[in-house]
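Sequential numbering from 1 along the given sequence is applied to the chain's residues. Just so we're clear, the structure is a prediction, and the values are computed from it rather than from any experiment. Below, each value reflects all heavy atoms present in this structure, side chains not excepted, and no hydrogens, waters or symmetry copies.
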Amino acid sequence: MRKAFKYRLYPTKAQQTILTTILQECRWLYNHLLEKRKEAYEANTTTLTLYQQQETYPQLKQERPSLKKTHSQVLQNVALRLDLAMKAFFRRVKARDSRVQTDEKAPGYPRFRGTERYDSFTYPQVPSGCKLEGETLSLSKVGQVKVKLHRPLEGIPKTCTIKCDSTGKWWATFSCEVEDTSGLPDSSEIVGIDVGLKKFAFLSTNEAIANPKFFRQDEKDLGKVQRQLSKEEKDTVQRRKRKKMVARVHARIRNRRHNFTHQVSRRIINRFGYIAVEDIHSSRMVHNHCLAKSILDASWSKFFDCLSYKAECAGRHLVKVNPAYTSQDCHQCGHRQKMALSERIYNCPCCRQSWDRDLNASLNILKIALGQQCVEA
């Protein structure tokens, strides 16, 4: 199985200049190859293949000598990225044409990349062009770059991606082939999880996980730096500084949210052997402008993704169920009643029992999951 390892890089100013130059050359090459594909299709309705475009590299290096300052396999990966983007575009077009409804928006064509829209390049065959040597990362055409190894690299490195984030920090991400070992003891505990906005998650064990609301906490700071940014004139040094300040606030929110979802999902995976969650899609729920900000701030999709891959690695059983009526049905007798979002207590007129709304939903989720398992068996 593949596993990613991300490390912080500390290049010197000279190395930062070289890395930035490589990014710009890759960006130019990406835009050039996209333009050639577009011209070929408009002229002859033909599509250039990956290998046809890679065959033009020797001639391009003669016309643009600066391409020679970039490792050859990094340039080959640029063509591969464009080829994957084109295949994804045609796949979306085909999927749209196969559906009955035709009022959907046309699938987006791959875009030409601006200066700040191309932020990474990849060495596809490690250790060719990229080799980790102790506390330094040897990069072809760049040199020895200092790296912070906060954890050891496991398995066999296959690829290495160098990325510059919006705050100007450089990162190296290794994709490694590792053995499929869970290392966790078996657990007989089962749980249903209902996610929400008042509480981030409510477990069927009557345990609640508070919603930290990271974006709400830093919303005032973000608004302050955004107002300062809007007052600066375009294409000035001061505006670039303000823009980086805005990016730092966003990065702080993102990092705290990322850390929270990983820690919560890890605790759940370590404790429970059978986990039932809702099969919800946040992107379909943000059309309600009153709740969109809170839904995106909760980051349910990221939480479910963390649960999914952690459960697969640990050998746990994760089940996704249809969330319809999980909050309206009584988990004991099945009575259904409509409830406003402001009602936090479920009062069943049939059972004459009362439960917390989220607890009832989590119990329903677990009940549905166990019922599906029985049917499949």
Side-chain angles (χ1 to χ4, degrees), residues 6-35 38 60 63-71 74-75 77-78 81-82 85 108-122 137 139 141-148 161-173 213-259 286 289 292-293 296-297 299:
K6 187 176 180 180
Y7 302 105
R8 174 78 183 276
L9 297 179
Y10 294 91
T12 63
K13 289 186 177 180
Q15 290 173 339
Q16 289 183 27
T17 302
I18 297 174
L19 291 171
T20 303
T21 302
I22 293 176
L23 281 179
Q24 295 305 318
E25 292 300 321
C26 292
R27 182 182 70 88
W28 178 90
L29 180 61
Y30 183 94
N31 291 338
H32 174 78
L33 297 178
L34 178 57
E35 182 182 9
K38 188 175 181 180
L60 286 177
E63 298 173 357
R64 190 181 176 92
S66 56
L67 288 174
K68 298 179 181 179
K69 298 180 181 180
T70 304
H71 193 263
V74 172
L75 299 178
N77 182 260
V78 174
R81 290 187 181 190
L82 176 60
Y109 188 79
R111 300 180 182 181
F112 291 96
R113 301 299 182 91
T115 305
E116 298 179 355
R117 295 294 181 179
Y118 200 99
D119 57 1
S120 66
F121 59 90
T122 300
L137 181 64
L139 299 177
K141 310 290 185 176
V142 180
Q144 301 286 336
V145 182
K146 184 180 178 182
V147 59
K148 177 66 175 179
T161 299
I162 309 299
K163 181 176 181 178
C164 179
D165 63 15
S166 57
T167 62
K169 297 178 182 178
W170 291 89
W171 305 85
T173 303
K213 301 180 181 179
F214 294 115
F215 185 84
R216 298 286 186 179
Q217 292 179 18
D218 288 348
E219 195 170 11
K220 289 186 178 180
D221 292 341
L222 181 60
K224 180 179 179 180
V225 295
Q226 285 178 332
R227 287 192 295 270
Q228 293 174 347
L229 172 65
S230 64
K231 296 177 182 179
E232 302 296 341
E233 295 183 3
K234 293 185 177 180
D235 300 326
T236 60
V237 176
Q238 195 64 23
R239 184 177 178 85
R240 287 194 292 269
K241 291 182 180 179
R242 297 296 185 186
K243 192 174 182 179
K244 185 170 289 189
M245 291 174 62
V246 174
R248 286 174 180 169
V249 177
H250 278 296
R252 183 171 71 234
I253 298 171
R254 182 175 61 252
N255 292 339
R256 294 170 66 191
R257 186 185 294 132
H258 179 83
N259 181 64
V286 295
H289 67 278
K293 186 187 294 185
L296 294 176
D297 190 20
S299 189

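Note that OG1 of Thr122 and NZ of Lys163 are 10.5 Å apart. Values are rounded to the nearest 0.5 Å. Atom CG of Asn31 and atom CG of Leu82 lie 9.5 Å apart (nearest 0.5 Å). To the nearest 0.5 Å, atoms CG (Leu67) and SG (Cys26) are separated by 8.5 Å. Taking NE2 of His250 as the reference point, atom CZ of Phe215 lies at 6.5 Å (rounded to 0.5 Å). Atom CG of residue Leu75 and atom CG of residue Leu33 lie 9.5 Å apart, to the nearest 0.5 angstrom. The structure places CG of Leu34 at 11.0 Å from NE2 of His32, a figure rounded to the nearest 0.5 Å.
Sorted by first and then second residue, the ring-ring contact (aromatic ring centres under 6.0 Å, His included) pairs involving residues 227-246 (not counting sequence neighbours) form an empty list.
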Full working for side-chain contact (heavy atoms from CB on, under 4.5 Å) between Ile162 and Leu137: CA-CA 11 Å; Ile162 309 299; Leu137 181 64; 4.1 Å; yes

Residues Arg240, Glu232; criterion side-chain contact (heavy atoms from CB on, under 4.5 Å); working and verdict: CA-CA 9 Å; Arg240 287 194 292 269; Glu232 302 296 341; over 6 Å; no

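In terms of heavy atoms, Thr21 sits closest to Thr17 at OG1-O, 2.8 Å. Shown here for Lys148 and Tyr7, the closest heavy-atom pair between the two residues is O-CD2, 3.5 Å. The heavy-atom pair separating Pro11 from Gln15 by the smallest distance is CA-OE1, 3.3 Å.
Arg111 is not listed as a side-chain neighbour of Arg117, based on a closest heavy-atom distance of 4.5 Å or more. Looking at heavy atoms from C-beta onward, Leu139 lies in side-chain contact with Leu19 at the 4.5 angstrom threshold. The shortest side-chain heavy-atom distance between Asp297 and Arg257 falls under the 4.5 Å cut-off. Looking at Val78 and Phe121, their side chains never come closer than 4.5 Å, going by heavy atoms from C-beta outward. Contact check for Asn259 versus Phe214: no side-chain heavy atoms found under the 4.5 Å cut-off. Counting only heavy atoms from C-beta outward, the side chains of Leu229 and Arg239 approach each other to under 4.5 Å.
Annotation: Gln24, atom CD; neighbour count of heavy atoms from other residues, nucleotides and ligands within 6.0 Å is above 12. Surrounding CD of Glu233 are at most 12 heavy atoms belonging to other residues, nucleotides or ligands under 6.0 Å away.
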Tell me which donor-acceptor pairs under 3.5 Å the side chains of residues 164-171 have, and how far apart each pair is, sequence neighbours excluded?
residue, atom, partner, partner atom, Å
Asp165, OD1, Thr167, N, 3.1
Asp165, OD1, Thr167, OG1, 2.8
Asp165, OD1, Gly168, N, 3.1
Asp165, OD1, Lys169, N, 2.8
Asp165, OD2, Thr167, OG1, 3.3
Asp165, OD2, Trp171, NE1, 3.0

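By the 6.0 Å and 45° rule, Arg113 stacks over the aromatic ring of Tyr30.
Between Glu116 and Lys243 a salt bridge is recorded (basic side-chain N to carboxylate O distance below 4.0 Å).
Taking Arg248 as the reference, nothing meets the side-chain hydrogen bond (donor to acceptor under 3.5 Å, both in side chains) condition, with sequence neighbours excluded.
When the options Lys69, Lys141, Lys68, Arg64 are evaluated for a salt bridge (Lys or Arg N to Asp or Glu O under 4.0 Å) with Glu25, the one that passes is Arg64.
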